Amino acid sequence: MSSANILVVEDELVTRSTLKSVFEAEGYNVFEANDGTEMHQILNENDINLIIMDINLPGKNGLLLAREIREHKNIALIFLTGRDNEVDKILGLEIGADDYITKPFNPRELTIRARNLLTRTMQDNLYFEQVRQKVENYKFSGWTLEIDSRSLISPNGELFKLPRSEFRAILHFIENPGKIQTRADLLMKMTGRELKAHDRTVDVTIRRIRKHFETVPESAEIISTIHGEGYRFCGELE
């Protein structure tokens, strides 16, 4: 996917120039933004496949900008930031970032993770199109998972637009009802990454999914924890 369009949102000129050079050397088209205003302008005028964004930005920070992006678009998103505390990482993942990398970074590792994410995104689009051609939605325990819009609809009609990781996880659960899914299996399905020590991506994603289900009290146990093993989907498919 060497012709993909990458948007770098970074206010530090040296870092931004470095990222531009690194990804252009890999054959990507690179756009640059200093802040959220420039970012939105580029997104409105171009078909961007991946955003690489710092959290510390002038004006709105990266966490706020990521939330705005997720309200309207499902673009692949990597946080590349000097903020390495656990709270920021969890917040970034909860908002819907696909990956979180701290500075200083290894350019080779970054390009590999970006390429893998872009490849997965393209494969996902093909896969979800195949799924959509077979079924428009899945219904379970009064809930509906819409394939086309990648949304979860509650029995009360409340709609939750799902970030990519949440949608992948729920779809995987539905396609494997009753089976225990380990954290390693879920992380690979969601991100294509192998599970490493202290990686909380799966736990954060499951927690966000459960918040949706908990808006309907009787749905709180649709995803159950199997201690020492992983998680299991307990919804009743209709």
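Model, not experiment: these values are computed from the prediction. Count residues from 1 along the sequence.
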Over all heavy atoms of both residues, which pair between Val9 and Asp35 is shortest? Give the atoms and the distance, please.
-> CG1-O, 4.2 Å
Got a second to check how far Ile78's CD1 is from Leu117's CG, nearest 0.5 Å?
-> 5.0 Å
List for me each residue that meets ring pair (Phe, Tyr, Trp, His ring centres under 6.0 Å) alongside His172, sequence neighbours excluded, and say none if there are none.
-> none
Under 3.5 Å donor-acceptor, Glu146 side chain and Asp148 backbone = no
Can you name the closest pair of heavy atoms from Leu7 and Ile42 and give their distance?
-> CD1-CD1, 3.7 Å
Quick one: CD on Glu68 to CG on Leu43, what's the gap to the nearest 0.5 Å?
-> 10.5 Å
Verify, without hydrogens or angle tests, whether Arg150 (side chain) and Phe167 (backbone) share a donor-acceptor contact under 3.5 angstrom.
-> no
Determine, stepwise, if the pair Asp203 / Arg183 fulfils side-chain contact (heavy atoms from CB on, under 4.5 Å).
-> CA-CA 8 Å; Asp203 304 305; Arg183 294 171 71 245; 2.8 Å; yes
Checking Asn137 side chain against Leu145 main chain: does a donor-acceptor pair fall under 3.5 Å?
-> no
Pair Trp143 and Phe213, ring centroids less than 6.0 Å apart = yes
Run the side-chain hydrogen bond (donor to acceptor under 3.5 Å, both in side chains) check on Asn116 and Thr119 step by step: do they pass?
-> CA-CA 5 Å; Asn116 290 344; Thr119 300; 5.4 Å; no
Thinking salt bridges, do Arg83 and Asp54 make one under a 4.0 Å N-O criterion?
-> no
Pairing residues for Phe233 by the ring pair (Phe, Tyr, Trp, His ring centres under 6.0 Å) criterion, not counting sequence neighbours = Phe140
Rounded to the nearest 0.5 Å, how far apart are CZ of Arg113 and CG of Leu118?
-> 13.5 Å
Side-chain heavy atoms of Leu19 within contact of Leu110, under 4.5 Å = yes
Answer yes if the side chains of Glu158 and His212 hold a donor-acceptor pair under 3.5 Å, and no otherwise.
-> no
Closest non-hydrogen atoms of Ile222 and Ser141, given as atom of the first, atom of the second and distance, are CD1-CB, 4.1 Å
Are the side chain of Arg232 and the backbone of Ile180 linked by a donor-acceptor contact shorter than 3.5 Å?
-> no
Specify the closest pair of heavy atoms between Ala114 and Phe23, including all atoms of both residues, with the distance to one decimal.
-> CB-CE2, 3.7 Å
Flag, side chain of Asn44 to backbone of His40, donor-acceptor distance under 3.5 Å = yes
Starting from the C-alpha separation in whole Å, work towards a yes-or-no answer on side-chain contact (heavy atoms from CB on, under 4.5 Å) for Asp88 and Tyr100.
-> CA-CA 10 Å; Asp88 282 330; Tyr100 192 107; 3.4 Å; yes
So Asn29 and Ile6, side-chain contact (heavy atoms from CB on, under 4.5 Å) or not? Walk me through it.
-> CA-CA 6 Å; Asn29 304 313; Ile6 295 178; over 6 Å; no
Does the pair Asp98/Arg70 count as a salt bridge with the N-to-O cut at 4.0 Å?
-> yes
So Arg210 and Thr225, side-chain contact (heavy atoms from CB on, under 4.5 Å) or not? Walk me through it.
-> CA-CA 11 Å; Arg210 282 175 167 164; Thr225 299; 2.7 Å; yes
Is a side-chain N or O of Glu26 found less than 3.5 angstrom from the main chain of Tyr28, in a donor-acceptor match?
-> no
